[in-house]
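Report on the following structure.
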Amino acid sequence: MRAVVSIGGSVLVPELAPERVRAYAEAIESLDADGHAVGTVVGGGPTAREYIGTARALGANEVELDQLGIAVTRLNARLLVAALDERATPTPPEDYDAGLEAVRRGDVPVMGGVVAGQTTDAVATAFAEHVDADVLVFATSVPGVYDADPDEDPDATKYDEITAADLVALIADTGIDAGSNAPVDLLAAKLVQRSGVRAVVLDGSDPGAVARAVRTGEHNGTDIVSGDESDDPVEW
Ligand code: UTP
């Protein structure tokens, strides 16, 4: 199985502590040891938000803020590199080709952001498309895709499965990507739709659950499907 795992910064580094990063490294190493090719993309989390908020107050423009965010995603990526064995790329690949080359070598690329104007959700999705991944797992701070913001609406219901086209419409219609509970942003949803890759949104607090989703396709989150069964991963 070839997998890309997008690890939200608030999932990997909710605060600077080694345990969660080590647990993620172990989950990725176990997949690697089983013969799965895994690429990872790490988000910025609360540290990125603090830097961006501070720089915004200082008058930085949006591109400067994005560049700060990218720098923090790469810092967080280096924490995961530190925890992984020598299979990891020593520095975060700064573009998709460098990440693809690492996958072809049999290494584990650990990417952060790549270019202003997007988030690591979109990076992970474009990377999954570039490496022709069988599955893309978004390990996030929300347990899946809901029909409304679960923090705002007590009747919000989680989808077990949603088509990428419906996800794009849901995000575009409700504007939920403007809030903090968006499972993935609109650009990422559109790229999932374009690529046809099987994607999974799940609660990333348990790295073991992420590894199980890659191995077996079983999880408690939401499957994002293309609607064409020929796109389904053949190994499950
Ligand atoms: P994240 O991907 O971490 O944003 O990137 P997020 O989804 O809001 O946060 P978490 O990690 O899931 O909690 C952090 C910031 O870095 C910039 C953006 O400003 C983004 O908000 N960024 C990231 C880019 O500009 N380009 C990228 O390719 C990635």
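Every number for a ligand or one of its atoms is a count from 1 in the order of the listing.
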### Query
Given Leu100 and Val131, is the side chain to side chain contact (heavy atoms under 4.5 Å, CB included) satisfied, shown in steps?
CA-CA 6 Å; Leu100 175 62; Val131 304; 3.7 Å; yes
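Each of Asp32, Thr89, Val103 was compared with Val108 under the side-chain contact (heavy atoms from CB on, under 4.5 Å) criterion, and only Asp32 meets it.
Shown here, atom 11 (O) of ligand 1 is in close reach of the protein: a heavy atom of it lies under 4.0 Å off.
The closest side-chain donor-acceptor pair between Ser30 and Arg215 falls under 3.5 angstrom. Counted by atom type alone, Asp203 and His219 present zero donor-acceptor pairs between their side chains at under 3.5 Å.
Taking every heavy atom of Gly113 and a limit of under 4.0 angstrom, the matching atoms of ligand 1 come to 27 (C), 28 (O), 29 (C). Close contacts of ligand 1 with Gly117, meaning ligand atoms under 4.0 Å from a residue heavy atom, involve 25 (O). Shown in contact with Val123 at under 4.0 Å from a heavy atom are these atoms of ligand 1, numbered in order with element: 28 (O). Of all atoms in ligand 1, listed by their number and element, those nearer than 4.0 Å to a heavy atom of Arg49 are 9 (O), 13 (O). Near Gly45, with a cut-off below 4.0 Å to any heavy atom, the atoms of ligand 1 are 3 (O), 10 (P), 11 (O), 13 (O). The atoms of ligand 1 that sit less than 4.0 Å from any heavy atom of Ala116 are 25 (O). Near Gly43, with a cut-off below 4.0 Å to any heavy atom, the atoms of ligand 1 are 3 (O), 11 (O).
Residue Gly9 has at least one N or O atom closer than 3.5 Å to an N or O atom of ligand 1. Considering backbone and side-chain atoms together, Leu65 places no N or O closer than 3.5 Å to any N or O of ligand 1. The N/O atoms of Thr73, backbone and side chain alike, include none that comes under 3.5 Å of an N/O atom in ligand 1. Any N or O atom pair closer than 3.5 Å counts here, and Asp121 shares no such pair with ligand 1.
Within the 3.5 Å criterion, the main-chain N or O of Asn220 finds a donor-acceptor partner in the side chain of Lys158. The main-chain N or O of Asp155 is found under 3.5 Å from a side-chain atom of Thr157 such that the two form a donor-acceptor pair. Remark: side-chain polar atoms of Thr120 are not paired, donor with acceptor, to backbone N or O of Val41 under 3.5 angstrom. Not one N or O on the side chain of Thr73 forms a donor-acceptor pair closer than 3.5 Å with the backbone of Gly44. In this structure, the side chain of Asp134 does not engage the main chain of Pro233 through any donor-acceptor pair within 3.5 Å. Under a 3.5 Å cut-off, the side chain of Arg78 and the backbone N or O of Thr91 do not form any donor-acceptor pair. Here the side chain of Asp95 pairs a donor or acceptor atom with the backbone of Asp97 at under 3.5 angstrom.
Looking from atom 4 (O) of ligand 1 to the surrounding protein, the closest heavy atom is Thr119 CB, 3.9 Å. Protein heavy atom nearest atom 13 (O) of ligand 1, with residue, atom name and distance: Ser10 OG, 2.9 Å. Residue, atom and distance of the protein heavy atom nearest to atom 3 (O) of ligand 1 are Gly44 N, 2.5 Å. Protein heavy atom at the shortest distance from atom 15 (C) of ligand 1 is Gly69 CA, 3.8 Å. Of all protein heavy atoms, the one lying nearest to atom 17 (C) of ligand 1 is Asp66 O, 3.6 Å. Among all protein heavy atoms, the one lying closest to atom 20 (C) of ligand 1 is Gln118 O, 3.9 Å.
In this pair, Phe127 and Tyr96 present their aromatic rings parallel. The plane angle is below 30°, not in the 30 to 60° band.
Contacts with ligand 1 closer than 4.0 Å are made by backbone heavy atoms (N, CA, C, O) of Val115 only, the side chain lying farther away. For Thr120, heavy-atom contacts with ligand 1 shorter than 4.0 Å involve the backbone as well as the side chain.
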